[in-house]
There are 4 protein chains.
Amino acid sequence: MADKKATIRTGRPRSIESQQAILDATWKLLKKISVRDLSIEGIAKEAGVGKTTIYRWWPSKTAVVVDAFMTRVITDICFSESDNAQEELLKQIASLAKALSGENGRIVAEIIAEGQTDKEALQDFRDRFLFPRREAAKQVIIQGIKTGEFNSNLDLELAMDILYGPIYYRLLLGHLPLNQEFSSLMSEMALQCLKKG
Amino acid sequence: MADKKATIRTGRPRSIESQQAILDATWKLLKKISVRDLSIEGIAKEAGVGKTTIYRWWPSKTAVVVDAFMTRVITDICFSESDNAQEELLKQIASLAKALSGENGRIVAEIIAEGQTDKEALQDFRDRFLFPRREAAKQVIIQGIKTGEFNSNLDLELAMDILYGPIYYRLLLGHLPLNQEFSSLMSEMALQCLKKG
Amino acid sequence: MADKKATIRTGRPRSIESQQAILDATWKLLKKISVRDLSIEGIAKEAGVGKTTIYRWWPSKTAVVVDAFMTRVITDICFSESDNAQEELLKQIASLAKALSGENGRIVAEIIAEGQTDKEALQDFRDRFLFPRREAAKQVIIQGIKTGEFNSNLDLELAMDILYGPIYYRLLLGHLPLNQEFSSLMSEMALQCLKKG
Amino acid sequence: MADKKATIRTGRPRSIESQQAILDATWKLLKKISVRDLSIEGIAKEAGVGKTTIYRWWPSKTAVVVDAFMTRVITDICFSESDNAQEELLKQIASLAKALSGENGRIVAEIIAEGQTDKEALQDFRDRFLFPRREAAKQVIIQGIKTGEFNSNLDLELAMDILYGPIYYRLLLGHLPLNQEFSSLMSEMALQCLKKG
DNA sequence: CACTAAACGAGACGGTACGTCGAGTCTTGGA
DNA sequence: TCCAAGACTCGACGTACCGTCTCGTTTAGTG
C-alpha cells in the first residue's frame, strides 16, 4: 500500500511530510471517531493536505486506515523462545486478545466491517495483520507436533480458525466481552483439540 | 423492531401494505447491492413509499435490513430429536454454515459490519438470529452433559464461542472459504474440546 | 427562469425565502466580485442555502445572475410620451448608456461574456433585457416613420443594430469610455441614417 | 506577448519548438472546444510540454489564445488602393464581417468574453486586432474627407464605433445572424452618417 | 572542455469548486 | 394520525484545474 511503481520516476518526488501528516491525522481522528464517520475530506483537512494527494496514493479511505493502523500500532507478534508449544500458543492468543481489546480492537472491528464492501482493503489487512499471526502460530504448532505435544495429522488452517475464530467472533458480534479471562479460558479449552488423543 | 407503541392510538392506522412493500423492496434490492450501498431513499423509491414512513417505523437502514432478513429468510434452527448430542451439534453447525454461505452469508456479514457503527441494530440481530441458535445449542450440550458425552464442568458460553466462532471468522475475514468441508471438519475437531477428558 | 412546471404539484412547495435569499446573496456578491469568480458554492453559503436548492431551480450560475440582475435592477425603459420620435430615441439611448455605465454595466458585460459559453443564459438575457428595449425603440421609429421624420423603407432590425451596437461595442471592447458624452454624440450621429434622405 | 526581456541572457535559450507546439496545440484544441473549456493543463498535454513552460512565457490562458489566434489566422486588413473612400470602407467592413463569421468569429467572441475578467488579454487583443483595423479605416475616412465625400468635422472614433459596433454587437449578443447580407446593408446604412449633408 | 545557469518535461503539492448523492427534517394535500 | 411527494440544509463524494514547487535532464554561452 502507499507505494505504486518501481519504474524510473521523473517529476517532483513524493512528499514524505504529507504522507506522514496523512497517517498521523488519520490516527488522531480514529481515536475520536469511527472509521465509518471518518472522511477523506476530514483527513485532508486535519493533515493540511489536498484531497488529491490522498487519492493519489491510497485507493480508499479504508486503505489509509489500515496503513495508519499498521504503522502506528506496535504490532509485534509475541515470540518468546519457549520449548513448550502449548504455553507459546497461549501467550500468542493472549497477546492478540489484549491487542484487540480497547481502542485498537474497535478500530480493527471497524476495519473488518469496512472490508465487507472494500475487498481490496480487507485483503491488505489480512496480508499485513492476520496472516503474519497465523503464520507464527503455525510454526509453533509444527514445533508442537515435532515434540509430540500435538496430534500429527492436524489441519493447520483449521487449527488456526479454532484458536483465533472465537476472539474475532466476540470482537465483531459483541455478545460477550473480549477480556483476558475469556482469552485464557478459551485458549486453554481450544487447545484440547490439538492435543494427541 | 418495526413496532413501537402499545398505547391506544387514534388517527389513521399504520399501513400494512407500506410495511410489506418496504421489506419486499429492501429484500429485492439486497440481492443486487450491498447493505452499504442500500439507501433509505432507494428503498422508499423502490417501495413507492415516502421516506418519512420508513423513518417513522425503523430507527435506521440496518434495522430495516435486519427486519427484512429475519422475515424473508427461512431461519429455522435444526432441531432433529436425536438422542446423540454430538451428532445433533454437528447438524446444527452444518446448518448454520450452509445458511451463511452464498447470498445470505454476504448479507449477514454486511449486517454485522453495519452493526459496528449501529449497536442497536447489532443488538437486534443478536437477539433475533444469534442468541436463538446459541440457546438451542446450549440445550443440546446440557443434554450431552446429562448423558455423559460431554464434560460436566463445561462453560457453555465458551463452548458456543469455540463452536460458532470459526464460522463467523471465515465469514467476516474471508481468508478461506466457508464451505461444507470446512464446517464438518471444523465442528468435528472443535467438539473434541467438549468431550470428557 | 426559476420556474419550471405548470403541472399539478404535490409535496412540499418551493420555499420563497430560499429563492429570495439566493437572489439577494447573488446580488450582494456581484457587487464585490465578477460573475466569473462567483460560484454556486459561494452563493449557497452566503444565502444559507443548500447547493442542490440552486441546482434544482436554475440551470447554471449565469442563469441565477441574470435572474438577480433583472429583479434587482430597476430596468424601466424610458417611455416619455413625446411626439418627437428623434428626441424620444435619444432619450432611450441615453437611458441605456447610463444604465450600462458603472457597476451594472460591468455586470451586463460579464453576463454577455458568460453567455458565450452558456447560450441558454444569453437567450434568457436577450429575452428579458435586450428585446424589450429593441421593441420599445422600434415602436418609436415606426411612429417616426408615420410622422415623416424617418425614412419609410427602413429596416428596423438594422436600425436597432446601428443605434445600440456602438454602446455594447464600447461596453465589451473597452477601447473607449462609455459615458454620457459618447452616447449623446453617437446617438445624434447615428440618427442621421434614419432620417429621410 | 510571448517575449519578455531584452537583457543579456545566459543559460539555455528559449525553445522555439515548445513555443510553436504550444500555439499549435492551442489552435488545434480551439477548433474543438471553447476558450472557456480550454485549460493550461490541456494545452500542455496536447503540446507535450510542461505547464511551467507555458506559465513562463504567457501571463494567462487567454494570452496564449490571443497569440495563437493572431499567428494562425490570416488577418490581413483589406487595403485595395481605391480612390473611392466609401467603397473602400464597405470593403473593409465586409472583410471584417466575413472574418468574424464561422469558427473564427466564435473564437473572437470567446476572447472578448474572457477579456471581461482578463483586462490584460483584452488590451492585447485590442492592440493587435482591433486598433489596426480602426486605424486603417480612419485613414480611409481622412482620405474621404479630403476628397469631400465625408463631412469634414467628423469625430473619427465615433465613426469607427458606428461602423464596427453593430458587427460586434451581433457577434456577441447573437440576436441575429452576422452574415454578408447584414454587413453590406448595415455598412451602407451606417455610411450615411459620414456623408456630407 | 568543463562550468554555469536558465529552460525544459514531468508530475506532486495545497487548494477551490464542480455537480451529484444521500442523510434526516419539514411541509404540503389527500385518505 | 398516516401517507406520498417532494423541497429543504447539510456534508461528503471523486474529479478537474489552478498556479506553485521540486526533481533530473538538456543546451547554449563563458571562462
Side-chain angles (χ1 to χ4, degrees), chain A residues 8-15 17-19 21 37-45 47-57 59-61, chain B residues 9-15 17-19 21 37-45 47-57 59-61, chain C residues 8-19 21 37-45 47-57 60-61, chain D residues 5 8-15 17-19 21 37-45 47-57 59-61:
Chain A
I8 315 107
R9 307 285 249 92
T10 166
R12 182 175 174 175
R14 177 171 186 184
S15 158
E17 292 78 19
S18 290
Q19 186 184 6
D37 290 341
L38 201 65
S39 66
I40 297 274
E41 207 134 278
I43 295 170
K45 193 168 191 178
V49 138
K51 279 201 283 179
T52 29
T53 303
I54 301 179
Y55 283 114
R56 209 183 335 259
W57 301 109
S60 70
K61 174 181 73 176
Chain B
R9 308 278 232 81
T10 164
R12 181 174 171 176
R14 176 173 186 184
S15 157
E17 291 78 18
S18 289
Q19 185 184 5
D37 291 342
L38 201 64
S39 67
I40 297 275
E41 207 133 274
I43 295 171
K45 192 166 193 178
V49 138
K51 279 203 282 179
T52 22
T53 303
I54 300 177
Y55 283 114
R56 210 186 330 262
W57 303 109
S60 71
K61 174 181 75 176
Chain C
I8 315 108
R9 307 285 244 90
T10 166
R12 181 174 173 176
R14 176 171 186 187
S15 158
I16 307 296
E17 291 77 19
S18 290
Q19 185 183 8
D37 290 341
L38 200 65
S39 67
I40 296 274
E41 207 134 278
I43 296 170
K45 193 168 192 179
V49 137
K51 279 201 283 179
T52 31
T53 302
I54 300 178
Y55 283 114
R56 212 188 328 265
W57 301 109
S60 71
K61 175 180 74 175
Chain D
K5 302 173 186 178
I8 313 110
R9 307 273 236 83
T10 165
R12 180 176 175 178
R14 176 172 187 186
S15 157
E17 291 77 18
S18 290
Q19 184 183 9
D37 290 341
L38 201 65
S39 67
I40 297 274
E41 207 134 275
I43 295 170
K45 193 166 194 179
V49 138
K51 280 202 285 178
T52 24
T53 304
I54 299 178
Y55 283 114
R56 206 179 342 254
W57 302 110
S60 71
K61 174 181 74 175

In terms of the nearest nucleotide of DNA chain F, which residue is placed more toward the 5' end: C:Glu41 or D:Ser39?
-> C:Glu41

Rounded to whole angstroms, how far apart are OH on A:Tyr55 and C1' on E:dC18?
-> 14 Å

Donor-acceptor pair (no angle test) under 3.5 Å: C:Arg12 side chain, F:dC8 base | no

Are B:Trp57 and F:dT1 close enough that a side-chain N or O sits under 4.0 Å from OP1 or OP2?
-> no

Given F:dC2, is OP1 or OP2 found less than 4.0 Å from the side-chain N or O atoms of B:Ser15?
-> no

Residue met sooner reading DNA chain E from 5', once A:Ser18 and A:Thr10 are mapped to nucleotides = A:Thr10

When the distance from NZ of B:Lys61 to P of E:dA23 is rounded to whole Å, what number comes out?
-> 7 Å

Could you give the CD1-to-P distance, from C:Ile16 to E:dT27, as a whole number of Å?
-> 15 Å

base_contact_polar (F:dG14 base, A:Lys51 side chain, donor-acceptor, <3.5 Å) | yes

Name the residue closer to the 5' end of DNA chain E, choosing between C:Leu38 and C:Thr52 according to the nucleotide with the nearest heavy atom.
-> C:Leu38

Separation of A:Glu41 CD from A:Ile43 CD1 (nearest 0.5 Å) = 11.0 Å

In whole angstrom, what separates A:Ile43's CD1 from E:dG14's P?
-> 14 Å

Checking all strands, does C:Gly48 fall into the base, sugar-phosphate, or nothing category for heavy-atom contacts under 4.0 angstrom?
-> sugar-phosphate

Could you grab the distance from atom CH2 of D:Trp57 to atom CD of D:Gln19, nearest 0.5 Å is fine?
-> 8.5 Å

Shortest non-hydrogen contact from C:Ala21 toward C:Ala47 = O-CB, 3.5 Å

What is the distance, rounded to the nearest whole Å, between atom CD of D:Glu17 and atom P of F:dA28?
-> 9 Å

Closest contact, heavy atoms only, C:Gly50 versus C:Ala44 = C-CB, 4.3 Å

Nucleotide F:dC10, atom P - distance to CG of A:Asp37 in whole Å | 19 Å

Starting from P on E:dT25, measure out to CZ on B:Arg56 and report it in whole angstrom.
-> 12 Å

Where do C:Ser15 and C:Ser18 come nearest, in terms of heavy atoms and distance?
-> OG-N, 3.0 Å

For the pair made of CD1 in C:Ile40 and P in E:dT16, what is the distance, rounded to whole Å?
-> 18 Å

